[in-house]
> 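Structure incoming, see below.
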Amino acid sequence: MGLSYNISFSIAAMIIVVLLVIVVSMQYSRTNLVNKRFRYFLVASIVMFALDIGTVISNDHASELPVAVNFILNSLYFFSGTVAAILFFYYNVSVALKDEGKKVKKAFYITNLSVFAFYAVTLVLNGFFHFYFHFDGGAYTHGPAYLAVNAISVGYIIECVVVFIWKHRNFNTKQIISSVLFYACFFLSFILQLFAFPDVLLSDFGSALGALIVFFSIETPDYVKLVATLNELNELKASLEIQVANRTDELHREKKSYEELTLETLSSLAHVIDAKDHYTVGHSFRVAAYAKGIAEEFGLPYAERERIYFAGLIHDVGKIGINEAILTKPGKLDPHEYAIIQSHSSLGGDILKGIREFPIFEQVARSHHERYDGTGYPDKLKGEDIPFAARIVAVADVFDAMTSDRSYRKALADEVAIKELKDYSGTQFDPQAVQAFLRLHSRYPDSIRNHIDDLAAEIKENNGYHD
C-alpha cells in the first residue's frame, strides 16, 4: 500500500474536527444532552482520524514492527470508527426520540450496545482467528469477513437515517437540512473511496465535512447569549419609557405602538426563558393564555386582562439567572439546589421592578410562588396580601407544570391536575382563582391544552388597550 495511500484528507479532517470541539466547548452549554453527545462524537472522530493516520504508517512499515503492535493499532482504529458511529447515533436519537417513553429508548440503547459489545469481542478474537485482517509475511492482508468491519459502523449511520425518517417531525427545518447533507456527505465519500479512489482516505474527510454541517443545526442558547439578550431588552425598556414620558401630546397613538412592541419584546423574552430548559418549551405562553382566560372568568376589563397576559409571559424571567444543570436535573434537588431554584422569583422581581409603567410585571414575577396560607416564598405573603394577578398566574403556572413533561416525570392527565387544584384550594391557591379556572376548563372537555391557540387568539387579532 505504502505512504502513497493519501493521508492528507485525514489530517484535514482532524483539523476541522479539532476546531469544532473547541468552538462547541466555548459556545454551547455543557449540560444540554444534545450538545454533550455531539461533542462526544467529535472527540471520538478525532481519535479515529489520528489512529487512521497511525495505522496507515504502521501498515507501510508492518515488516519492521512487531505483529502484536500492528494488530493492536488496526484493531483500535476499527474500534474507534464504530465508537464514533454509535455516538453519532446517540446524538441523533437524543433529538429524534425526545417524545418517546423510557421503554422505547431503553430498547434502542440495549440493542445497539449489545451489537457494539459483540463487535468489540470479535475484534479481540480476530487476533487469534484472523477473519477481519492479518499480517501475511509482514504485509497487511484483509480477512474473509473484512467488509463486516465497515458494515457495522455504516450500519449505525443507516440506523440513524431510519430513525431520522421515522421521527422527522421532531427535527426543525435547520436540523432536517443539516442531517440530510451529513448523510449525503458520509455515504458519497464512502462510496467514492470504496469504488473510485481506493488509495485516498476520502471517507474521513467526508465525515468531517458532515460534522461541520451538523454543527450549524445546534440551536441551544447559552447563558452568555441570554444575558446579552436581557441587557438589550433593558436598554429597549429604558428607551421606551423616555419616549412615553416625552410624547404626552400623542398619548393614545404612542400607547398603542408601545403595546405592540411590548408584546413582541415580551414574546421574545418568553422564548429565551423557555429555551433554558427544553422540557418547558412553550410554558410561558401557555401560562399567559390560561391566566388571561381566568381573568376573563373574573370579568376583568380588557386592559387588565392584557396586562395579566403580558405578566404571565415573563413570570419566570428570573430563571435566566439559574444554572441549566439545576433546571434540568432529572432527580430530586438537594436543599441547596432547591434554594437556588426558589431564588428565581425574587430575581425576576428585581429584573422587572424598573418597568414602572407596569408594576404588575414585578408583582407577578416575584409573588407567583406565594401560597394563600402564607407558607410560600419569597415573602410569605398570605391571602389577599398576595397581588391579585400573582394569585391568578399561580393557578395557571401549577396547572401547566403538572400537565407538562418534566425532566423527572411525565405529564399528568388533566383530571389529576384538576383534583390537585381542588385539594389545595384555600391553602396553596386562592379559592376564587381556582373556581374561575374550573369554569374556564369546563368549556374544553377534551383538554384545555388543545385549545391554547383559541385562548390566545384575541390578542393576535386585536392588539391595543381598551378600558
Side-chain angles (χ1 to χ4, degrees), residues 226-227 229-231 233-234 236-238 240-241 262-263 265-274 276-277 280 283-292 294-295 298 300 303-323 326-327 333 336-401 424 427-430 432-434 437:
L226 290 171
V227 172
T229 301
L230 182 59
N231 290 336
L233 290 170
N234 284 334
L236 177 60
K237 170 193 59 106
L240 289 173
E241 287 178 346
T262 299
L263 177 57
T265 301
L266 297 184
S267 294
S268 298
L269 181 55
H271 281 298
V272 172
I273 296 166
D274 288 351
K276 284 281 288 184
D277 180 1
T280 61
H283 171 71
S284 298
F285 293 89
R286 292 191 296 272
V287 169
Y290 292 147
K292 181 179 178 237
I294 296 172
F298 273 107
L300 298 181
E304 189 65 21
R305 299 198 304 267
E306 294 293 270
R307 293 187 184 101
I308 289 175
Y309 177 86
F310 293 150
L313 277 180
I314 54 174
H315 73 284
D316 272 339
V317 66
K319 286 186 177 179
I320 287 178
I322 305 299
N323 190 298
I326 297 177
L327 285 176
L333 298 176
H336 175 67
E337 291 168 335
Y338 187 65
I340 292 175
I341 286 288
Q342 286 185 321
S343 70
H344 84 273
S345 56
S346 56
L347 177 59
D350 292 340
I351 291 172
L352 299 175
K353 66 182 178 182
I355 306 181
R356 292 181 291 276
E357 186 76 10
F358 298 109
I360 189 175
F361 292 174
E362 177 193 357
Q363 294 169 0
V364 168
R366 184 175 185 85
S367 302
H368 68 281
H369 282 294
E370 298 288 358
R371 292 172 58 103
Y372 202 70
D373 60 6
T375 61
Y377 62 87
D379 302 313
K380 298 196 179 300
L381 300 179
K382 184 176 182 180
E384 296 189 3
D385 291 337
I386 304 170
F388 180 60
R391 283 179 266 153
I392 288 177
V393 171
V395 173
D397 183 35
V398 171
F399 178 81
D400 187 69
Y424 289 94
T427 53
Q428 182 172 352
F429 308 111
D430 179 345
Q432 291 183 327
V434 171
F437 181 80

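Every value quoted in this text rests on a predicted model; they were computed, and no experiment measured them.
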> Write down the atom of E304, the atom of L300, and the distance for their closest heavy-atom approach.
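So the two residues come closest at CG-CD1, 3.9 Å.
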> Taking all non-hydrogen atoms of both residues, which atom of S343 and which atom of I322 are closest, and how far apart?
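Result for this residue pair: OG-CD1, 3.7 Å.
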> Write down the atom of K380, the atom of G374, and the distance for their closest heavy-atom approach.
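Heavy atoms only, the tightest pair is CB-O, 3.4 Å.
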> Considering the options F429, Y338, Y377, which one meets the ring-ring contact (aromatic ring centres under 6.0 Å, His included) requirement together with H369?
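One option only clears the test, and that one is Y377.
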> Give me the atom names and distance for the closest heavy-atom approach of V364 to V393.
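Where V364 meets V393 most closely, the heavy atoms are CG1-CG2, 3.7 Å.
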> In chain order, what residues pass the ring-ring contact (aromatic ring centres under 6.0 Å, His included) check against F298, with sequence neighbours excluded?
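Once residues adjacent in sequence are excluded, the partners of F298 under the ring-ring contact (aromatic ring centres under 6.0 Å, His included) criterion are F388.
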> Sequence neighbours excluded, which residues qualify as side chain to side chain contact (heavy atoms under 4.5 Å, CB included) partners of K353?
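Side chain to side chain contact (heavy atoms under 4.5 Å, CB included) list for K353, sorted by chain: D350, E362.
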> Side chain of E370, backbone of L381: donor and acceptor closer than 3.5 Å?
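Yes, E370 side chain to L381 backbone: donor-acceptor pair under 3.5 Å.
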> Heavy atoms, side chains only, cut-off 4.5 Å: are P378 and R366 in contact?
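SC-SC contact between P378 and R366 confirmed.
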> Do I294 and V395 pass the side chain to side chain contact (heavy atoms under 4.5 Å, CB included) test, and can you show the C-alpha distance, the side-chain angles, and the key distance before you say yes or no?
CA-CA 9 Å; I294 296 172; V395 173; 4.2 Å; yes
> Quick check: closest heavy atoms across G318 and L347, and the distance to 0.1 Å?
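Distance-wise, the nearest heavy atoms are O-CD2, 3.2 Å.
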> Atom CD1 of I341 and atom CG of N323: how far apart are they, to the nearest 0.5 Å?
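One finds 9.5 Å between CD1 of I341 and CG of N323.
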> To the nearest 0.5 Å, what is the distance between NZ on K292 and CZ on F310?
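Between K292 NZ and F310 CZ, I get 9.5 Å after rounding to 0.5 Å.
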> Which residues satisfy the side chain to side chain donor-acceptor pair (under 3.5 Å) test with T427, sequence neighbours excluded?
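Result, side chain to side chain donor-acceptor pair (under 3.5 Å) vs T427: none returned.
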> Applying side chain to side chain donor-acceptor pair (under 3.5 Å) as the test, list every pair that has at least one member in residues 381-397; sequence neighbours left out.
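Found H283-D397, H315-D397, R391-D430.
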> Suppose we screen for side chain to side chain donor-acceptor pair (under 3.5 Å). Which residues come up paired with Q432, at least two apart in sequence or across chains?
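Q432 satisfies side chain to side chain donor-acceptor pair (under 3.5 Å) with no other residue.
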> Could you tell me which non-hydrogen atom of L352 sits nearest to which non-hydrogen atom of A365, and how far apart they are?
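Smallest interatomic distance, heavy atoms only, reads CD1-CB, 3.7 Å.
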> Check ring-ring contact (aromatic ring centres under 6.0 Å, His included) between F399 and all other residues, then give those that pass, not counting sequence neighbours.
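For F399 the ring-ring contact (aromatic ring centres under 6.0 Å, His included) partners, ignoring immediate neighbours, are Y290, F437, H441.
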> State, yes or no, whether a side-chain contact exists between Q428 and V398 at a heavy-atom distance under 4.5 Å.
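With C-beta onward as the side chain, the pair touches.
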